[in-house]
Structure formats: C-alpha cells, structure tokens
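Everything on this sheet refers to the single structure shown next.
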Amino acid sequence: MSEITHDSAVAVSPTSPDDGLSPADLARKHGLEVSGARVGLGDYVRQMWGRRHFILAFSQAKLTAQYSQAKLGQLWQVATPLLNAAVYFFIFGLLLGGRGGLKNEQYIPFLVTGVFVFTFTQNSAMAGVRAISGNLGLVRALHFPRASLPISFSLQQLQQLMFSMIVLLVVLLGFGHFPDLSWLLIVPVLLLQFVFNTGVALIMARMGSKTPDLAQLLPFVLRTWMYASGVMYPLEHMLEKAGAHSWVSDVLLANPAAVYMDLMRYALIDGLPQALPPHVWALALGWAVLVGVGGFVYFWKAEEQYGRG
C-alpha cells in the first residue's frame, strides 16, 4: 500500500488479491473457460448422443431441400445413378467388352449395384468436405459438437440410398434374382459401409475446413477410386486380363469400395462366376473400425479450430 501526503490529504491505492496472477491463473481462480474449448473424448461422445435428434432432423431437411428446385424433385435421387449406370453399360458393357463374360441378367444387376453402393461412399465424401466450410454461419452462431454436421450428411446419403435400394430391388426381380436368405446380409453390409463413410466424411470435413480448394480436387480422386474399384466391370477378371502383379491385385481387391460392393453383389445376385473370398467380411469390419473410429478421433482433435479465422 502506497501513501502520498499533500496539503494534509492522504491518498491510498489499495492492492488486489489478484495482483501478480497470470491470465491463466485468473481464469482458473474465477472458473472461466476458453470459449469453444475441446472437451474430453468421452464427454464429446455424450454431447453427440444428446444432439441425436438434431442430427437426424438436419439430415432429413438437407435431403428434402437437395432437389427442391428441380421439377422431378426427389426422383433425381434415383434417376442420377441410374443414368450413370446406363452410360457405363453402353461404354463398358457394349463397346469395350468389360463385362467379364457376365450375361445381361447378371451384368446389369452387377453394374447397378456397384453404381449405387459406390455413389453412397462418393456422395458422403463430397458432402463431408463441405460440411464445415459450407456451414460457417451455423458453426459460428451456435455451440454444438461440430461432428454433428458430417455425421448428418453421411446419414443423409444413407437415407438417399434407401430410395435407390427400391429401384435396385425392381432391377433384381426384373432379371430373375428373387429374395433369398442371403439378402439379409444387406443390413450388416450397409451398417459397416455407413460407419466407414461417416469416418471418410469426418476426415474430409476437417481437411476441407482448412483447405476449401480440396472440394475442387476431390472429384478427380473419387473418379480414380471408382475405376480402381470395379464399379463397371468384374475387377478380378480385368486385373487378370491386364496381367497385373499379384500384389497390385491384392491391394485393389482389398480397397474398401471394392470390398463393400463385393459383399452387396454376392448377397443379391445369383450365379456370379467366382466365389466370395472368406476374408472379405474381416476387411469390411476392419475398414469400418479403422476409418470410422479413426476419423471421429481425427475430427475431434481439431474441434476448437472449426469456424475460427
């Protein structure tokens, strides 16, 4: 305490108990926390579960609004992949002979299944890369777990696939493939692929939040992935025809897009020439756990950075 005397008047400047404390110490003393600070992983998961209704409602709203300006509306959810399948059939099935000896009653369901399954992954990645950068107003205005956005976009793509599965069912019946017990495998296949796709969306969301130009590059990466996964042709047959080294074949056949397409095709289509390798289910589970869980943790580690700068 200092004391100054002037004309019989004394001025006292009192000391504060907070004098000498650093900003961090002051914040701890008064119970202050950094705005938007990342919580622990367990708390983050609990916050996500508390926002489950928001995630579902947001995905449904996005799905409804996606084609609201088009005259055919939600029909484009099915028409777009079907038109792609028609183009691929003309080019690879008729012109280039890429059907690998499959007859129309097998090749057309084979092709449509591949297009629908790969489109599910492709659209999840494309939606994920813009999940944060395309919703900055929402991210900056409200406090919520940011992982809700890429997860809701992946859920939107799952709902969109459900419409496509109805058309796929019609295609299968039209070419003589009738319901069987193996069709029940659709449920675990889609569940594993959804977990994998969600992980991809989370990874792309974090990367896209800092590098918006990634959204322009990603379509070229996905197109390359599509050709390397056998969407339009039996991949193993084409690799044998090209004389690829065994390790190249192993890598391409083990890539997650090829794995989920193979599982779906062998569950739905009768009489495919080659048996499904027994290790494919292990690969499907491994990819779902690795990318799904890893993508979630990778996204969570940058939680406090989203919407800043």
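Quick note: numbers below take in every heavy atom, side chains included, and nothing from hydrogens, waters or symmetry partners.
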| said: For Trp300, is there any backbone N or O sitting under 3.5 Å from a side-chain donor or acceptor partner on Tyr44? | reply: no
| remark: side chain to side chain donor-acceptor pair (under 3.5 Å) pairs touching residues 186-206, sequence neighbours excluded, are Thr121-Gln193, Thr121-Asn197, Ser154-Thr198
| message | Using 30° and 60° as the class boundaries, would you call the ring planes of Phe58 and Phe153 parallel, tilted or perpendicular? | response | perpendicular
| field | Distance, nearest 0.5 Å, that separates CD1 of Ile269 from OG of Ser182 | value | 10.5 Å
| Is there side-chain contact between His177 and Leu268, with at least one heavy-atom pair below 4.5 Å? | no
| note | Nearest heavy-atom contact between Val200 and Ala125 is CG1-CB, 3.8 Å
| query | Going through the distances and angles, do Ser59 and Gln159 end up as a side-chain hydrogen bond (donor to acceptor under 3.5 Å, both in side chains)? | reply | CA-CA 9 Å; Ser59 67; Gln159 295 174 75; 2.9 Å; yes
| field | Residue pair Met226 / Met232, side-chain heavy-atom distance below 4.5 Å | value | yes
| Val112 and Val171: which non-hydrogen atoms are nearest, and at how many Å? | CG2-CG1, 4.4 Å
| Glu303 side chain to Arg146 main-chain N or O, any donor-acceptor pair under 3.5 Å? | yes
| query | Think Arg46 forms a cation-pi with Trp49, using NZ or CZ under 6.0 Å from the six-ring centre and within 45 degrees of its axis? | reply | no
| said: Does the structure place the NZ or CZ of Arg265 under 6.0 Å from the centre of the six-membered ring of Phe110, at an angle of no more than 45° from the ring's axis? | reply: yes
| task | Find out if a path of hydrophobic residues (ILVMFWY) with successive side-chain heavy-atom gaps under 4.5 Å connects Trp281 to Leu290. | result | yes
| message | For Met261 and Thr113: C-alpha separation, side-chain torsions, deciding distance, then whether side chain to side chain contact (heavy atoms under 4.5 Å, CB included) applies. | response | CA-CA 7 Å; Met261 281 189 293; Thr113 301; over 6 Å; no
| Would you say Val195 and Leu283 are hydrophobically clustered, going by side-chain heavy atoms of ILVMFWY under 4.5 Å? | no
| query | Hey, does the side chain of Ser152 reach the backbone of Ile55 with a donor-acceptor pair shorter than 3.5 angstrom? | reply | no
| said: Classify the ring geometry of Trp225 against Phe118: parallel below 30°, tilted from 30° to 60°, perpendicular beyond 60°. | reply: perpendicular
| request: Establish, yes or no, whether a centroid distance under 6.0 Å links the rings of Tyr306 and Phe299. | output: yes
| Is the number of heavy atoms from other residues, nucleotides or ligands under 6.0 Å of Met207 CE greater than 12? | no
| request: State, to 0.1 Å, how close Ala258 and Leu253 come at their nearest heavy-atom pair, and which atoms those are. | output: CB-O, 4.0 Å
| request: Just do the side chain to side chain contact (heavy atoms under 4.5 Å, CB included) check on Val45 and Phe296 with the steps written out, would you? | output: CA-CA 10 Å; Val45 173; Phe296 185 81; 3.9 Å; yes
| If you group Ile, Leu, Val, Met, Phe, Trp and Tyr by side-chain heavy-atom gaps below 4.5 Å, do Val259 and Leu191 land in one group? | no
| request: Would you list the pairs meeting side chain to side chain donor-acceptor pair (under 3.5 Å) in which at least one residue belongs to residues 285-294, sequence neighbours left out? | output: none
| Counting only N and O atoms by type, is there a donor-acceptor contact under 3.5 Å from the side chain of Ser148 to the main-chain atoms of Phe144? | no
| By side-chain hydrogen bond (donor to acceptor under 3.5 Å, both in side chains), which residues pair with Arg223, not counting sequence neighbours? | none
